[in-house]
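Here the structure is a predicted model, which is why all the values come from computation and not from measurement. Just the heavy atoms: all of them, side chains too, but no hydrogens, waters or symmetry mates, feed the values below.
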Amino acid sequence: MQNTVGRLGTFFRYVVVVLLGFAIVLSFQFRIVALTHKKISFVIIVILLLAAFLILNIWLFIFQKLADKKLAMLFLILVIAAPRLLWVFLMPTKPVSDYLCFYSYAQKASQGFLKGYDMTFTLFRFRFGYSLILSLVFKIFGNSIIVGKLFNVFLSVILGLIIYFTVAYLFGKEAAAYSAVLYAFWPSQIMYNSVLASEHPFIVFFVLGLYFLIRAIKEKKAVYGLFAGVFVAISNHIRPVAVVVIIAAVFLVAFKALCRDFKTLKIGITGLISYVVIFYTLGYLIFCLTGIPVWKTSMGLNLMIGTDYTTYGMNNPKHSLFVKKYAYDFQKVHGEAMKIGLERLRKETKKFLAILPRKHAIIWGDDSFGYFWSTFRVYKATPFVNLVKTHPTIFYMFSQLYYYVILIYIILGILSSKKDANKEIFLLLNLIFLGYVALHIFLEVQPRYHYPGIFTLFLLSGQGIKWLREKLKRF
């Protein structure tokens with residue numbers, strides 16, 4: 001049984017490493033020029049990456065020593081919160097696009113107008129999840145934009161703590177400290193705090209679900225499987241892609257059941273039941289409040305956008321016109337979009353396959369969303385805002401280099417798993433990531449859509465740094 005898990009784990013481990021490596025290389029080729037509008041030599045990018053890797057290693061080792069002596073929770077909270085609070089107060093980001101929809105509806109819902117939603121909510125029903133959470137925050141603390149942004153900072157701190165405890169559980173406190181500090185100073189994560197985005201609460205519930213799922217598998221306790229199902233169900237109402245975790249877990253549990261591991265089967269059944277019960281219970285509550293059956297969803301429009309080779313699988317104003325053409329009718333929009341997407345896959349296969357490298361670079365090799373959305377529209381042009389907005393290349397390159405280093409740490413963490421006792425956990429995390437890769441081959445891509453896949457693997461980053469440090473000590 002363990003040998004089979006080991007062989008499967010080895011196969012998927014190398015597949016993930018190759019995909020992450022491709023993400024970095026393809027990002028060099030496609031995303032750097034797209035973001036900076038400058039042709040930067042491949043050699044220069046590699047030199048910058050090596051420099052960033054060296055500097056970040058030194059920084060992490062120094063910080064870890066400080067943390068080793070007095071890593072109280074207060075210290076960790078301050079390290080995570082401080083840069084995010086600074087950015088939130090210095091960058092007066094104005095909500096636009098989806099973020100404006102969330103903010104506007106949350107304001108109305110907090111005042112009792114639960115049916116005052118934008119027409120797009122009838123098409124993308126998961127939008128109610130974050131908006132209703134935000135409306136509760138507004139109900140308690142007032143509906144000022146700054147309240148929503150401070151809520152983001154609060155969620156970021158909670159996420160950092162969950163990451164710390166999860167990594168500590170798997171690999172020890174040293175690896176946990178590395179991951180926590182790496183997350184604390186992650187540029188795109190810091191900058192995205194000024195944006196009212198659904199990813200903030202989504203990723204908290206998502207990673208919390210992973211924490212309990214990991215404990216359930218390692219300790220063979222059904223109660224942890226129950227909690228995992230609860231939190232994944234909540235995250236699925238905020239962004240429906242969370243269901244990939246359930247699919248990956250079912251695959252792993254089914255495989256182990258075939259190997260007569262009935263304890264894991266019991267955990268899997270418990271988790272699946274709790275997921276279904278919580279998902280439909282919350283769905284019914286949202287239905288009672290809004291009149292929209294949020295459990296009814298479709299990937300039709302997402303498939304149409306994802307197979308559009310003229311936009312490299314990204315959203316475009318012409319897709320908004322398509323939605324308006326069918327007057328936001330759920331059945332018609334998703335039904336017609338599904339037909340177009342499937343037709344492209346059948347009749348324009350070569351054109352679709354040709355965009356896959358770019359799609360891979362966009363979602364897995366681009367971490368620009370923090371700077372882009374936090375500076376896209378602002379309430380006022382302060383000296384700080386002007387400074388930041390007039391130097392996009394610096395911020396984009398800084399974000400990208402930091403992200404590349406994170407991917408390298410993840411790769412090191414994966415490669416260090418050869419002699420690790422957490423083989424089943426590595427297999428699960430790799431399956432989840434591969435599930436997202438497979439999904440977005442066909443569906444729409446945006447840089448921020450890598451959230452669940454990368455945060456799943458980010459749990460291995462601290463182990464990668466720890467492993468590297470142990471190797472360096474031998475020299």
Measure across [X] and [Y] and return the closest heavy-atom pair with its distance rounded to 0.1 Å.
X      : Y      : result
Ala184 : Ile80  : CB-CG1, 3.9 Å
Thr281 : Val277 : OG1-O, 2.6 Å
Phe398 : Pro187 : CE2-CG, 3.6 Å
Trp373 : Thr93  : O-CG2, 3.6 Å
Phe212 : Phe231 : CE1-CE1, 3.5 Å
Leu429 : Leu457 : O-CD2, 3.9 Å

Determine whether the side chains of [X] and [Y] contain a donor N or O and an acceptor N or O closer than 3.5 Å.
X      : Y      : value
Gln189 : Tyr451 : yes
Glu174 : Tyr178 : yes
Tyr169 : Glu219 : yes

Scan for salt bridge (charged side-chain N to carboxylate O under 4.0 Å, His left out) pairs involving residues 94-107, sequence neighbours excluded, and state none if there are none.
-> Asp98-Arg127, Asp98-Arg448
Qualifying salt bridge (charged side-chain N to carboxylate O under 4.0 Å, His left out) pairs, either residue in residues 363-374, two or more places apart =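 Sorted result for residues 363-374: Arg31-Asp366.
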Do [X] and [Y] make a side-chain contact, defined as non-hydrogen atoms from C-beta onward lying under 4.5 Å apart?
X      : Y      : value
Phe369 : Phe372 : no
Val241 : Tyr436 : yes
Val294 : Phe126 : no
Leu434 : Leu19  : yes
Arg13  : Asn430 : yes
Ile217 : Leu252 : yes
Val153 : Lys149 : no
Ile362 : Tyr449 : no

Using only atom types and a distance under 3.5 Å, with no angle test, would you say the side chain of [X] pairs donor to acceptor with the backbone of [Y]?
X      : Y      : answer
His440 : His360 : no
Asn152 : Val195 : yes
His450 : Pro447 : yes
Ser27  : Gly365 : yes
Asn302 : Glu444 : yes
Lys359 : Gly306 : yes
Tyr280 : Tyr275 : no
Tyr403 : Trp364 : yes
Ser274 : Gly271 : yes
Ser179 : Ala176 : no

Using ring centroids (six-membered ring only for Trp), state whether [Y] and [X] fall under 6.0 Å.
X      : Y      : value
Phe202 : Tyr130 : no
Phe251 : Phe255 : no
Trp295 : Phe287 : yes

Checking side-chain contact (heavy atoms from CB on, under 4.5 Å) for the pair Tyr371/Ser368: CA distance, chi angles, key distance, verdict?
-> CA-CA 6 Å; Tyr371 175 82; Ser368 64; 5.9 Å; no
From [atom1] ([X]) to [atom2] ([Y]), nearest 0.5 Å:
X      : Y      : atom1 : atom2 : answer
Thr120 : Leu301 : OG1   : CG    : 11.0 Å
Phe433 : Phe455 : CZ    : CZ    : 14.0 Å
Ser416 : Ile465 : OG    : CD1   : 11.0 Å
Leu170 : Tyr211 : CG    : OH    : 9.5 Å
Tyr409 : Leu20  : OH    : CG    : 15.5 Å
Arg125 : Ile292 : CZ    : CD1   : 5.5 Å

Does [atom1] belonging to [X] count more than 12 external heavy atoms closer than 6.0 Å?
X      : atom1 : answer
Phe124 : CZ    : yes
Phe227 : CZ    : no
Lys263 : NZ    : no
Phe384 : CZ    : yes
Tyr312 : OH    : no

Would Phe138 and Tyr103 count as a side-chain contact (heavy atoms from CB on, under 4.5 Å) if you check the C-alpha gap in whole Å, the side-chain angles of each, and the deciding distance to 0.1 Å?
-> CA-CA 10 Å; Phe138 285 169; Tyr103 179 48; 3.7 Å; yes
Is the NZ or CZ atom of Arg239 both under 6.0 Å from the centre of the six-membered ring of Phe128 and within 45° of that ring's axis?
-> no
Please report the C-alpha distance between Val230 and Phe205 in whole Å, then the side-chain angles of each, then the deciding distance to 0.1 Å, and finally whether the side-chain contact (heavy atoms from CB on, under 4.5 Å) criterion is met.
-> CA-CA 9 Å; Val230 169; Phe205 289 115; over 6 Å; no
For side-chain contact (heavy atoms from CB on, under 4.5 Å), just list the numbers for Ser374 and Ser194, CA-CA rounded to whole Å, side-chain angles, deciding distance to a tenth of an Å, and then say yes or no.
-> CA-CA 6 Å; Ser374 68; Ser194 65; 3.2 Å; yes
ring-ring contact (aromatic ring centres under 6.0 Å, His included) between Trp186 and Tyr192: does it pass, once the steps are laid out?
-> CA-CA 10 Å; Trp186 193 339; Tyr192 207 45; over 10 Å; no
